[in-house]
Amino acid sequence: MFDSPASAATTPVGIVLAIAGSSSRALFDRAAMVAASTDPDPSVAAAGQVGTQVKMRVGNCWLLANVRAVSLDLAAGGDRITADIDFLGEGDEERLTGRLHRFRRGVTRYPTPGCEMFPVTTADMQQIYAADDRAHIEVGHVYPTDDIRAALYVDAMLGKHFALVGSTGTGKSTAAALILHRICDLAPQGHVVMIDPHGEYSAAFKGNGALFDVNNLAMPYWLMNFEEHCEVFVTSSGTQRQLETDILAKCLLAAKGKSRIGQEIPKLTVDAPIPYLLSDLTNLISQEMGKIDRAGDSTPYQRLKTKIDEVKADPRYGFMFSGMLVADTMAAFLARIFRMPGDGRPISIIDVSGVPSEITSVVVAVLARMTFDFAIWSRNEPQRPILLVCEEAHRYIPSDRDATSSVGRILGRIAKEGRKYGVSLGLITQRPSDLAEGVLSQCGTIIAMRLNNDRDQQFVRAAMPEGARGFLDSIPALRNRECIMCGEGVAVPIRVAFDALDADKRPASGDPLFSQLWRDVGDEDQIIDRTIRRWRAQGR
């Protein structure tokens, strides 16, 4: 069917069978593929395999396509293989070498049926994946090579959000740390905020990040807006909840109005971040309760007052509801959290693992909303874009349509509107199917590691651009620390093996070695005693 080879790289391995937009059919010659498999160039040797690329000449251009699926054509005696291919882009032809040159995404002219297909060489791949002049970070090498670097274009990736998805144990946390380390190296005066729910990233960024937990976060309670106040202080439901909400709104506005800053604002709202005393709030609630006629009507007031007193007295809430946090420290808090200036430590790691579970979502909501509100109210100032990275994102943006948490709403709003205001969102999750519908599709760049669950695979497939969906078939077969990258942050969809990170830059998320650790014995009574002391003190 094909001419005799001069070399494997210049010998056609198949022909185009049918054209159908982005996805088409091809016919591979089995003998030509076997001949190519002996070529020392790994790219040529892998020609025709799922996840590899082939090229075809159309006019004076080379057209590049990705092999999505292959099957044996038994009707042809088993010497031919049919395949589904997805067109990725095109490049000019170098006159001297005939190789692909100056690759670009998109297809100008499609081939005709019968057009010959050739293996893509390593030299071609260097042209395809060579980073251009845009700001970029290198995070690994392109499959199946060992020397072609994989680049992520930072402005395109952050400008339209990104998502990193993968089943637990695939190296997702290490990959996230690698990407953030590279971003910090590129922009040491940047502004990155990461929500760390398990306390695993502090170990990775102790050299170039600002680390915050319940011991030093010092986040004033008065930074909460009214909705977040209600999540903390209003515990009832139904009509009783509405009564408590109305009481809280009236008394909270009055408490803020008593402060010096509140008195300077002519049209004060209940959402304004104004310092106020919790004692003022409870006194105002007591005064309002004293105005009612029947004792039975005092229940909502009493319930509110009791809840506020409980929060004030609980030492677990001291990082947020301490009596020491009544001064106007908003400017200092924003400067610390948003790294303005960064002083060479451009990333803030917010460890919320020690935050009581009842208010974890409120703390994350406040941090996310402060990021978004700062971007909105600073629009007339020199712009300072902020990257907000949310680990275990499915916990905060659940797919349950009945979920009404403030954190889900604000993160959903950032996903839809954040790029207009200079706020980028990075979502990291092992369960993309549990994310709120539409949030993943707002991410312009998707980095997909191995996903074992069919539902998760389908969810990611629906969010990926059309030309990249062929790569999804290889997601269940990815090794640890391998991924598929597609979208705005890369020139074309690619399969990447991540670089290894130095031990002192890795998150504390390694799997325990049971067979080894179970051999260790001794000092069990001291271990238990120390653990109980920390447990009872609710601290580390």
Side-chain angles (χ1 to χ4, degrees), residues 184 187-196 201-202 205-226 228-229 232 252 255-265 268-269 271-281 311-312 315-352 354-355 359-360 362-389 410 414 421-423:
C184 291
Q189 297 300 325
H191 314 286
V192 183
V193 179
M194 180 173 201
I195 310 296
D196 178 10
Y201 288 92
S202 295
F205 291 94
K206 56 182 179 290
N208 61 342
L211 313 179
F212 301 96
D213 57 18
V214 292
N215 296 314
N216 67 344
L217 182 58
M219 184 171 73
Y221 57 87
W222 46 264
L223 288 177
M224 295 189 296
N225 64 12
F226 180 62
E228 292 149 4
H229 272 88
V232 177
L252 184 59
K256 290 183 176 183
K258 293 182 69 173
S259 70
R260 179 186 57 82
I261 299 175
Q263 291 171 359
E264 295 173 354
I265 298 175
L268 184 63
T269 70
D271 282 327
I274 304 295
Y276 72 91
L277 295 173
L278 284 173
S279 56
D280 283 344
L281 179 58
V311 169
K312 282 172 58 180
R316 298 178 303 153
Y317 295 78
F319 72 96
M320 190 172 181
F321 292 94
S322 168
M324 304 296 291
L325 298 175
V326 295
D328 184 12
T329 55
M330 186 171 179
F333 179 78
L334 294 179
R336 284 194 309 136
I337 298 300
F338 295 156
R339 312 307 303 142
M340 295 183 181
D343 296 325
R345 292 173 173 258
I347 183 169
S348 291
I349 304 297
I350 315 294
D351 176 4
V352 296
V355 174
I359 64 166
T360 300
V362 174
V363 171
V364 177
V366 172
L367 292 168
R369 185 184 49 76
M370 295 295 287
T371 304
F372 191 62
D373 284 354
F374 178 82
I376 289 177
W377 296 111
S378 64
R379 292 197 75 178
N380 294 327
E381 303 295 333
Q383 197 168 21
R384 298 290 186 268
I386 299 172
L387 167 61
L388 178 65
V389 183
I410 185 59
I414 291 175
Y421 301 101
V423 178

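This is a predicted model, so every value here is computed, not measured.
A donor-acceptor pair is defined here as one N or O able to donate and one able to accept, closer than 3.5 Å; such a pair exists between the side chain of H191 and the backbone of R339. Here the side chain of Q263 pairs no donor or acceptor atom with the backbone of R260 at under 3.5 angstrom. Judged by distance alone, the side chain of S202 and the main-chain N or O of L211 form no donor-acceptor pair under 3.5 Å.
Atom NE2 of H229 is separated from atom CG of L281 by 7.0 Å, given to the nearest 0.5 angstrom. From D196, atom CG reaches atom OG of S348 across 12.5 Å, with rounding to the nearest 0.5 Å. A distance of 8.0 Å separates CG in L334 from CE in M340, rounded to the nearest 0.5 Å. Note that CZ of R369 is 7.5 Å distant from CG of D271, once rounded to the nearest 0.5 Å. Between K206 atom NZ and I349 atom CD1 the span is 12.0 Å, to the nearest 0.5 Å.
Nearest heavy atom pair, residue M219 against residue L367, reads SD-CD2, 4.0 Å. G209 and R345 make their closest contact through O-NH1, 2.7 Å (heavy atoms, listed as atom of the first residue, atom of the second, distance). The shortest non-hydrogen separation linking P275 to V326 is CB-O, 3.4 Å. Nearest heavy atom pair, residue I265 against residue I274, reads CD1-CD1, 3.5 Å. Considering every non-hydrogen atom in both A365 and I410, the closest pair reads O-CG2, 4.2 Å. Pairing each heavy atom of N208 with each of C184, the nearest pair is ND2-CB, 3.9 Å.
V352 has its side chain out of reach of L217: every pair of non-hydrogen atoms, C-beta onward, lies at least 4.5 Å apart. A 4.5 Å side-chain heavy-atom check between L388 and I195 finds at least one atom pair inside the cut-off. For the pair W222/M330, a side-chain contact is recorded, criterion being any heavy-atom separation below 4.5 Å from C-beta on. Taking the side chain as every heavy atom from C-beta outward, K258 and L277 never approach each other to under 4.5 Å. Put simply, the side chain of R384 does not reach to within 4.5 Å of the side chain of F338, judged on heavy atoms.
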TODO: Could you walk me through whether F319 and V355 pass the side-chain contact (heavy atoms from CB on, under 4.5 Å) test, one step at a time?
DONE: CA-CA 9 Å; F319 72 96; V355 174; 3.8 Å; yes
- [ ] Check the pair R336, F212 against side-chain contact (heavy atoms from CB on, under 4.5 Å), reporting the backbone distance first and the verdict last.
- [x] CA-CA 10 Å; R336 284 194 309 136; F212 301 96; 3.1 Å; yes
- [ ] Starting from the C-alpha separation in whole Å, work towards a yes-or-no answer on side-chain contact (heavy atoms from CB on, under 4.5 Å) for I347 and Y201.
- [x] CA-CA 11 Å; I347 183 169; Y201 288 92; over 6 Å; no
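Taking the six-membered ring where the residue is Trp, the centroids of Y276 and Y221 are separated by under 6.0 Å.
For the side-chain contact (heavy atoms from CB on, under 4.5 Å) with P220, the qualifying choice from T329, V366, D328 is T329, the only one to do so.
For the salt bridge (Lys or Arg N to Asp or Glu O under 4.0 Å) test, no residue two or more places apart in sequence or in another chain qualifies with R379.
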